[in-house]
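In what follows, chains carry the letters A, B, and so on, assigned in the order in which the sequence lines appear, proteins first and then strands, with residues in each chain numbered from 1.
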There are 2 protein chains.
Amino acid sequence: MVHTDYSKVSLPPVLTHQPTPASCTLPATNNWLGQYGFCISFGPQEKPTKSTAWTYSEMKDKLYVNMGTACPVRFHTTHPPPPGSVLRAMAVFTKPEYVKDVVKRCLNHSSPSDVTNENHPAPDHLIRCESPQAYYVMDSNSERQSVIVPFENPQVGMSYTTYLFKFMCLGSCVGGLNRRPIKIVFTLENKCGLCMGRQSLEVRICACPGRDRRTDEKHFERQHEPHSQGLGEAVKRTSNEICQEFVTVAPAPKKPKSNNEDDEIFTIKVIMKITMHDKT
Amino acid sequence: MVHTDYSKVSLPPVLTHQPTPASCTLPATNNWLGQYGFCISFGPQEKPTKSTAWTYSEMKDKLYVNMGTACPVRFHTTHPPPPGSVLRAMAVFTKPEYVKDVVKRCLNHSSPSDVTNENHPAPDHLIRCESPQAYYVMDSNSERQSVIVPFENPQVGMSYTTYLFKFMCLGSCVGGLNRRPIKIVFTLENKCGLCMGRQSLEVRICACPGRDRRTDEKHFERQHEPHSQGLGEAVKRTSNEICQEFVTVAPAPKKPKSNNEDDEIFTIKVIMKITMHDKT
DNA sequence: CAGGCATGCCTG
DNA sequence: CAGGCATGCCTG
Ligand SMILES: [Zn+2]
Ligand SMILES: [Zn+2]
């Protein structure tokens with residue numbers, strides 16, 4: 001396997017040709033703690049009003065966020081990964097019909113004349129990371145866009161490091177996300193681009209995060225009322241490069257979710273936590 | 001006064017510098033029959049379903065139309081205008097706050113990759129005329145866009161000629177019309193660009209013309225219920241280059257409306273028909 | 001094709 | 001900031 005050594009790269013990886021988590025046509029999205037205990041969480045939040053800038057629903061394991069809002073995401077590790085490790089964030093459409101489509105900003109918002117694009121190197125990237133060390137890459141193979149930042153180990157006494165992410169289109173943007181739900185896939189990678197941990201997160205970018213969260217949770221609860229119980233929904237996956245094991249206790253603040261492809265309104269509660277490992 | 005002789009022009013008028021109805025920062029929109037009895041009308045229409053492609057409301061004097069639909073507009077004249085006369089269609093924002101803004105397609109829809117722009121000379125023009133002789137101009141002074149077609153006299157025994165117009169964005173297009181109501185100003189011009197007649201028409205480009213017409217008319221009727229009567233709304237105008245005269249009978253199918261600037265929900269029925277003449 | 005939801009945004 | 005409208009689009 002060929003690796004990309006980011007620590008030596010001066011040209012952006014868009015000009016390189018090494019496989020990374022961003023090179024796949026169908027990127028893996030299953031949660032995988034890996035050997036460094038990589039996972040994410042959200043801090044406490046002011047009571048979510050109808051139009052709060054962002055809110056995270058435990059019940060749905062879903063982030064609701066305004067467009068252009070810097071949203072703090074906590075990245076946990078239990079052991080320090082090797083020096084030169086990076087954190088990558090990449091968006092993927094959730095629905096099988098669209099997974100192969102590259103996620104990018106709509107034409108309106110990627111226009112150079114859009115105020116958000118003044119002095120920005122990646123006007124058409126959906127995800128931005130508020131770090132001076134962030135760099136924006138497009139995989140020449142998959143054409144998928146992502147943002148990469150050097151991974152910083154938690155400060156002493158802390159279990160996580162916080163990064164700020166911005167989402168630069170609405171989920172409803174015509175010609176862009178176009179109302180298609182997305183996931184953000186966060187990967188911890190060594191300096192060669194090898195994946196050492198992965199956490200994905202459903203994100204809804206919208207004008208009223210509070211309202212939409214409440215609506216989602218109401219629907220979700222209705223699904224889970226006694227009279228509508230059932231265990232009919234099978235656990236699905238797309239990647240065949242994974243194996244499966246049972247985890248009895250979630251060792252991290254944000255519990256790894258089941259590898260259920262579309263945790264939509266038909267998803268039912270999964271009794272046992274399931275996590276998946278990349279084949280190594 | 002300098003004139004543009006379109007019959008001699010081989011370069012598009014975008015490269016000329018003669019005043020025409022499209023050169024003004026604030027184009028006149030008042031209805032004026034002129035000496036050739038220039039006015040417009042709409043043919044009968046299949047019963048307007050919720051999502052009919054287009055429908056014209058007499059009550060509101062307003063056209064409701066789907067984006068991209070070829071909509072037949074009838075142009076009446078009582079006398080033939082001079083040879084070389086043209087018909088121009090230009091869109092203008094209705095609300096005073098926006099009149100000075102140039103109306104054009106949103107960035108999404110003006111993109112070369114948009115299917116509507118294959119082999120089209122004017123991807124960012126809102127109004128298209130379905131005629132092989134149509135040409136698309138941008139006034140170098142006002143930057144306003146318009147489409148021009150040779151004026152064809154009605155066939156013998158007919159009082160009008162029909163032209164097909166398409167509207168290439170939704171009224172709701174973000175970064176484009178952006179939910180700002182517009183008028184289409186149709187002008188009959190001689191070959192030098194001199195205005196010889198003008199008719200403007202409120203147009204709503206939307207996904208459900210039938211529904212939206214019904215909604216508008218319901219609101220309008222509510223305004224006109226006995227208990228909400230009043231004659232408070234004065235006739236306004238912006239241009240000071242006009243004179244005013246009373247016309248006792250509307251000599252054309254579509255009655256010239258009053259020169260009321262915003263025939264919005266507060267407009268009340270005008271008892272006497274008023275028409276206005278350009279100062280010549 | 002009508003009913004009605006989804007979702008940005010305006011109004012009080 | 002919540003209520004609720006406006007408006008594209010999905011569903012039956
Ligand atoms: Zn966008
Ligand atoms: Zn548009």
Side-chain angles (χ1 to χ4, degrees), chain A residues 45-55 60 62-69 94-95 97-98 105-106 108-109 114 116 167-182 202-220 222-223 262 264-266, chain B residues 45-55 60 62-69 94-95 97-98 105-106 108-109 114 116 167-182 202-220 222 264-266:
Chain A
Q45 190 214 349
E46 337 70 277
K47 66 164 191 309
T49 59
K50 182 183 176 189
S51 303
T52 186
W54 65 269
T55 181
K60 293 286 295 177
K62 183 169 171 181
L63 176 67
Y64 302 77
V65 61
N66 278 164
M67 172 178 157
T69 289
T94 305
K95 299 222 171 149
E97 313 89 280
Y98 305 121
R105 286 182 97 187
C106 75
N108 278 155
H109 287 128
D114 193 275
T116 61
F167 305 96
M168 305 307 294
C169 260
L170 288 164
S172 61
C173 274
V174 174
L177 300 190
N178 211 221
R179 302 182 319 284
R180 295 174 291 179
I182 55 164
E202 199 179 344
V203 175
R204 177 184 168 88
I205 318 163
C206 55
C208 303
R211 171 188 68 181
D212 295 351
R213 172 186 171 168
R214 248 166 277 155
T215 306
D216 269 9
E217 292 186 340
K218 208 178 307 164
H219 282 194
F220 190 77
R222 203 176 301 159
Q223 296 287 128
D262 40 354
E264 308 253 273
I265 53 169
F266 292 105
Chain B
Q45 193 215 346
E46 337 69 274
K47 64 163 191 310
T49 59
K50 181 185 178 192
S51 303
T52 186
W54 66 269
T55 180
K60 295 285 295 176
K62 183 170 172 182
L63 175 67
Y64 303 78
V65 61
N66 279 164
M67 171 178 158
T69 289
T94 305
K95 299 220 172 150
E97 313 91 281
Y98 305 120
R105 287 181 97 184
C106 74
N108 277 155
H109 286 128
D114 194 275
T116 60
F167 305 96
M168 305 307 295
C169 261
L170 287 164
S172 60
C173 274
V174 173
L177 301 189
N178 213 218
R179 302 182 318 283
R180 296 174 290 179
I182 55 164
E202 199 180 342
V203 174
R204 175 182 169 89
I205 318 165
C206 56
C208 304
R211 171 187 69 181
D212 296 351
R213 171 186 172 169
R214 249 167 277 154
T215 306
D216 270 7
E217 292 185 341
K218 211 180 303 167
H219 284 194
F220 190 78
R222 204 177 300 160
E264 308 253 272
I265 54 170
F266 293 104

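When the side chain to side chain donor-acceptor pair (under 3.5 Å) test is applied to Thr69(B), no partner is found at least two apart in sequence or on another chain. By the side chain to side chain donor-acceptor pair (under 3.5 Å) test, Thr215(B) is found to be paired with no residue, residues two or more places apart in sequence or in another chain being considered.
Note: CG (Asn178(B)) to P (dG8(C)) measures 14 Å, nearest angstrom. Protein atom CD of Glu97(A) is 12 Å distant from nucleotide atom P of dC10(D), rounded to whole Å. Straight-line distance from the OH atom of Tyr64(B) to the C1' atom of dA6(D): 14 Å, rounded to whole Å. Taking atom CZ of residue Arg214(B) and atom C1' of nucleotide dA6(D), one finds them 16 Å apart after rounding to whole Å. Note: NE2 (His219(B)) to P (dT7(D)) measures 11 Å, nearest angstrom. Residue His109(B) contributes atom NE2, which lies 11 Å from atom C1' of dG8(D) at whole-angstrom precision. Between the CG atom of Leu177(B) and the P atom of dA6(D) there is a distance of 18 Å, given to the nearest Å. Going from atom CG of Leu170(A) over to atom P of dG8(C) covers 5 Å, rounded to whole Å.
Rounded to the nearest 0.5 Å, atoms CG (Leu63(B)) and CD (Glu202(B)) are 10.0 Å apart. Annotation: the span from Asp216(B) atom CG to Tyr64(B) atom OH amounts to 3.5 Å, rounded to 0.5 Å.
A sub-4.0 Å separation between OP1 or OP2 of dA6(C) and a side-chain N or O of Arg204(A) is absent. Checking the phosphate oxygens (OP1, OP2) of dT7(D), no side-chain nitrogen or oxygen of Ser172(B) falls inside 4.0 Å.
Across dG8(C), dC9(D), dC10(C), the shortest atom-to-atom separation from the side chain of Arg179(B) is found for dC10(C). Nearest to the side-chain atoms of Cys206(B) among the listed nucleotides dC9(C), dT7(D), dG8(D) stands dG8(D).
Judged by distance alone with a 3.5 Å cut-off, no donor-acceptor contact links the side chain of Arg211(B) to the base of dG3(C).
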